[in-house]
Amino acid sequence: MGSFFLDLLSFEHETAVFEKDPKRLRFTYNTLRFTTMEEIEEFKPELVINAVTVKYTIPAFREVIPHLPKDCIITDISSVKTGLKEFYESTGMHYASSHPMFGPTFANLNQLHEENAIIITEGDFIGRLFFKDIYQKLGLNIYEYSFEEHDKTVAYSLSIPFVSTFVFAAVMKHQDAPGTTFKRHMRIAKGVLNEDDFLLQEVLFNPYTHDQVSQIRTELKELLEIIDNKDGEGMKAYLKKIRNNVRRDIS
C-alpha cells in the first residue's frame, strides 16, 4: 500500500520514500529515494504517511519524528488503530489517520468504486482533508469513524472472514477433483494467508475481536446440533436466517 500511495501522489506532489534496504527501492520512480534520516531532515516533509506493517507503526514514528519539522502532519494507513490515538496525542504533532479498506490481494486497484475507505474523525483537519481528497478522486466510498469505532468495525469486517478462512484451511484436505465452491474458498484462503503474519495477529488481537469470534462458535454449535439431529425444519429455518443476513448486507 505504501507503493500504491507513492505512485498515486508522485504525479501531483513532490514525494520521497524512505527505506532502510536500498534494494527495495529499485522499482520506485518519479520520486526521491532516501535511506538516511539526514535526507529526511533536508527534505522537510509537510506530511508523512507511515506505511510499515502494523507491528512497526509506532516504532517507525518514534524513529522519524525527531527528524521532522514541528508543523509536519504525521499519518498512518494502519488496519488496526489500537494505541495510536494515545501515541499521537503524546507526540504534540499534527496527525491524521485513515484506513483504505482494500489491498492488492483481492482489490482491482484500477477500479475502486466498489471499495471503501475510513477516515478517522480525530486529528488534524488538513490531514483529514488530504485523505478525503485522495479517496474521492479514486471513487472510494468514504466513512468517518473515531479510533474506537474503526477498531470495532475492523473486528467485524476482518476478523470474521479471517477466522472463517483459518477454519477452512485447518480442516481442508487435498482434492484431486475440487468443485467450484472449494476452488473459490481455496483462492480466498491463499490470499488471506499471504498477508503479513503481524497484520493477521493484530487484527485477531484487536480488543473487539473476541466477541465476534465467539459468535462463530455459537453459530457452529447450533448448526452442528441441526446436523446431528437431522432436523429438516431446523435447517430450513437456519438457511432462511442466513440468507436474510446476506440479502440485507448486499442491499
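Computed from a predicted structure; not experimentally measured.
Other members of the cluster containing M235 are L223, I226, I227, Y238, L239, I242, with ILVMFWY side chains joined at under 4.5 Å, either directly or via other members. If you chain together ILVMFWY residues whose side-chain heavy atoms come under 4.5 Å of each other, Y29 ends up grouped with F11.
A donor-acceptor pair shorter than 3.5 Å can be found between the side chains of T36 and E39. Between the side chains of T31 and T15, at least one donor N or O sits under 3.5 Å from an acceptor N or O. Side-chain N/O atoms of D151 and T82 include a donor and acceptor closer than 3.5 Å. Between the side chains of E148 and Y208, at least one donor N or O sits under 3.5 Å from an acceptor N or O. Between the side chains of D76 and Y88, a donor-acceptor pair is found at a separation under 3.5 Å.
Ion pairing between K137 and D133 holds under the 4.0 Å rule for side-chain N and carboxylate O. Salt bridge status for E19 with R26: absent, with no side-chain N to carboxylate O gap under 4.0 Å. Using a 4.0 Å cut-off between a side-chain N of Lys or Arg and a carboxylate O of Asp or Glu, K241 and E219 qualify as a salt bridge.
Of the possible donor and acceptor atoms, none in the side chain of N229 sits under 3.5 Å from a partner among the backbone N and O of D231.
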Task: Working for side chain to side chain contact (heavy atoms under 4.5 Å, CB included), residues N116 and Y143 - done: CA-CA 8 Å; N116 304 316; Y143 299 89; 3.7 Å; yes
Open item on the list: Between V203 and N206, is the side chain to side chain contact (heavy atoms under 4.5 Å, CB included) condition met? List the steps.
Closed with: CA-CA 5 Å; V203 167; N206 180 328; 5.7 Å; no
TODO: Take K20 and E63, measure what salt bridge (charged side-chain N to carboxylate O under 4.0 Å, His left out) needs, and give me the verdict at the end.
DONE: CA-CA 12 Å; K20 292 181 178 179; E63 187 173 358; 3.1 Å; yes
TODO: Take Y95 and I73 through the side chain to side chain contact (heavy atoms under 4.5 Å, CB included) test and state the conclusion after the steps.
DONE: CA-CA 5 Å; Y95 70 87; I73 302 172; 5.5 Å; no
- [ ] Please step through side chain to side chain contact (heavy atoms under 4.5 Å, CB included) for the pair H185 and K190, ending with a clear verdict.
- [x] CA-CA 9 Å; H185 279 282; K190 287 181 177 179; over 6 Å; no
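Counted within 6.0 Å of CG on D197, heavy atoms from surrounding residues, nucleotides or ligands total 12 or fewer; the atom is thus considered open. Applying the 6.0 Å contact sphere to CD of E14 captures no more than 12 heavy atoms from other residues, nucleotides or ligands. Remark: E114 CD is loosely packed, at most 12 non-hydrogen atoms of other residues, nucleotides or ligands lying under 6.0 Å away.
For the pairing with H150, the side chain to side chain donor-acceptor pair (under 3.5 Å) check across H99, E122, K85, K81 returns one residue only, H99.
Using cut-offs of 30° and 60° on the angle between ring planes, the pair F130 and H13 is perpendicular.
Checked against salt bridge (Lys or Arg N to Asp or Glu O under 4.0 Å), E42 has no partners two or more places apart in sequence or in another chain.
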